[in-house]
Amino acid sequence: MIWWPTEVPTLSHGLITLRAPQESDIPALFEGAQDPIIPVFTRIPSNYSMANAEFYVRERSPNTFANQTELQLAVEYGNGADAKFAGAFSFHSMDLREHVAEIGYWLCEPMRGKGIASIATKLLTQFGFQSIGFERIEAVVNVENFASRKLLEKSGYTLEGIMRKKSRKEDGTQLDMALYAATREDWQVL
């Protein structure tokens with residue numbers, strides 16, 4: 001059975017916190033999305049604007065949560081006043097009837113290589129299985145995104161196959177995508 005939370009959860013482990021996006025995240029969200037690698041490996045457009053960041057925090061995130069279509073979370077790294085916005089994680093492309101969701105994420109360039117994404121992936125996956133009740137969580141990753149593929153494998157996801165010409169980029173290029181998944185029965189707790 002699927003249980004949808006009444007409010008956006010806050011999930012923490014060590015110096016990493018997943019929480020609802022906040023107004024104060026808007027400048028860092030905008031700045032992080034300017035990294036040219038982000039649109040290469042995500043659905044974030046290359047012309048991501050401050051208005052996009054404002055819309056994400058003020059409208060998209062709360063509305064998709066209320067409609068039970070996405071769970072958007074900001075990642076914070078550090079303690080207290082020293083904590084910094086590190087990126088964004090989400091459950092999207094959810095099928096609540098089938099108990100399946102897709103996990104998505106990106107990190108700001110200075111936050112990569114610190115283990116943040118691995119812990120955040122495990123935190124969100126664990127929440128998806130133990131609290132929401134998903135049976136399967138998928139990740140669809142550009143086959144050339146070797147860092148993300150390694151992250152998923154390190155986080156307990158299994159490569160299930162390569163989907164040829166699965167995704168279309170802004171320039172019209174069709175990309176092959178790797179399908180990873182974790183299932184509740186195989187999941188190892190953080």
Side-chain angles (χ1 to χ4, degrees), residues 2-35 38 41-44 48-94 96 100-134 137-139 141 147-148 151-152 154-157 182 184 187-190:
I2 292 291
W3 169 82
W4 191 255
T6 55
E7 60 184 43
V8 177
T10 298
L11 312 170
S12 294
H13 184 82
L15 297 175
I16 293 138
T17 301
L18 296 168
R19 56 160 175 76
Q22 302 169 352
E23 190 75 17
S24 61
D25 295 329
I26 292 172
L29 175 64
F30 167 74
E31 185 64 33
Q34 301 313 299
D35 178 354
I38 299 292
F41 293 131
T42 71
R43 295 263 181 201
I44 294 174
Y48 195 83
S49 66
M50 186 64 78
N52 291 121
E54 291 167 347
F55 175 78
Y56 173 83
V57 170
R58 296 174 183 160
E59 295 181 46
R60 180 177 174 185
S61 180
N63 290 341
T64 58
F65 178 77
N67 293 329
Q68 299 181 3
T69 57
E70 293 184 14
L71 174 59
Q72 302 282 340
L73 298 167
V75 181
E76 202 173 72
Y77 179 67
N79 282 324
D82 293 332
K84 294 185 178 7
F85 176 86
F89 272 68
S90 69
F91 281 139
H92 57 275
S93 304
M94 295 187 305
L96 298 181
V100 175
E102 183 179 331
I103 191 170
Y105 48 82
W106 64 270
L107 285 182
C108 299
E109 192 277 328
M111 298 296 176
R112 296 181 201 139
K114 300 177 188 290
I116 297 168
S118 179
I119 291 172
T121 298
K122 291 174 185 177
L123 273 173
L124 187 54
T125 301
Q126 185 170 311
F127 180 79
F129 288 139
Q130 293 181 348
S131 296
I132 296 178
F134 293 129
I137 300 173
E138 300 174 337
V141 181
S148 188
L151 159 74
L152 289 165
K154 181 180 174 184
S155 299
Y157 282 71
R184 177 200 296 267
W187 181 249
Q188 301 295 315
V189 176
L190 189 74

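- Heavy-atom minimum distance, D35 versus R112: OD2-NH2, 2.6 Å.
- When all heavy atoms of C108 and A28 are compared, the pair lying nearest together is SG-O, 4.4 Å.
- For the pair D25 (side chain) and Q22 (backbone), a donor-acceptor distance under 3.5 Å is present.
- Distance check, rounded to the nearest 0.5 Å: CE of M50 to CD of E31 gives 8.5 Å.
- Rounding to the nearest 0.5 angstrom, the gap separating the CD1 atom in I2 from the CG atom in L96 is 5.5 Å.
- Atoms CH2 and OG, on W187 and S155 in that order, are 6.5 Å from each other to the nearest 0.5 Å.
- The side-chain heavy atoms of E59 and E54, taken from C-beta on, include no pair separated by under 4.5 Å.
- Between F127 and P9 the shortest side-chain heavy-atom distance falls below 4.5 Å.
- Remark: the backbone N or O of N63 is not paired with any side-chain donor or acceptor of E70 at under 3.5 angstrom.
- A74 approaches F85 most closely through the heavy-atom pair CB-CE1, 3.9 Å.
- Contact between I44 and A33 at its shortest, heavy atoms only, is CG2-CB, 4.2 Å.
- The CD1 atom of I137 sits 7.5 Å away from atom CD1 of I132, with the distance rounded to the nearest 0.5 Å.
- Defined by atom type and a distance below 3.5 Å, a donor-acceptor pair is missing between the side-chain atoms of T121 and Y157.
- Listed for the R60 side chain is no donor-acceptor partner under 3.5 Å among the backbone atoms of F55.
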Exercise for the section: Just do the side-chain contact (heavy atoms from CB on, under 4.5 Å) check on R184 and Q130 with the steps written out, would you? Expected result: CA-CA 8 Å; R184 177 200 296 267; Q130 293 181 348; 5.8 Å; no
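- For the pair S131 and W3, the tightest heavy-atom approach, listed with the atom from each and the gap, is O-CE3, 3.2 Å.
- Taking the centre of each ring, F91 and F134 come in below the 6.0 Å mark.
- Although no hydrogens or angles enter the test, the distance criterion places no donor-acceptor pair under 3.5 Å between the side chain of W4 and the main chain of N67.
- Within the model, atoms NE2 of H92 and OG1 of T69 stand 11.5 Å from one another, a figure rounded to the nearest 0.5 Å.
- A heavy-atom distance below 4.5 Å is not found between the side chains of Y48 and I38.
- H13 NE2 to I116 CD1: the interatomic distance, rounded to the nearest 0.5 Å, is 13.0 Å.
- In this structure, the side chains of L152 and Y105 come closer than 4.5 Å at one or more pairs of heavy atoms.
- You'll find the side chain of P5 reaches within 4.5 Å of the side chain of F65, heavy atoms only.
- Closest approach of M94 and A101 over heavy atoms only: CG-CB, 3.7 Å.
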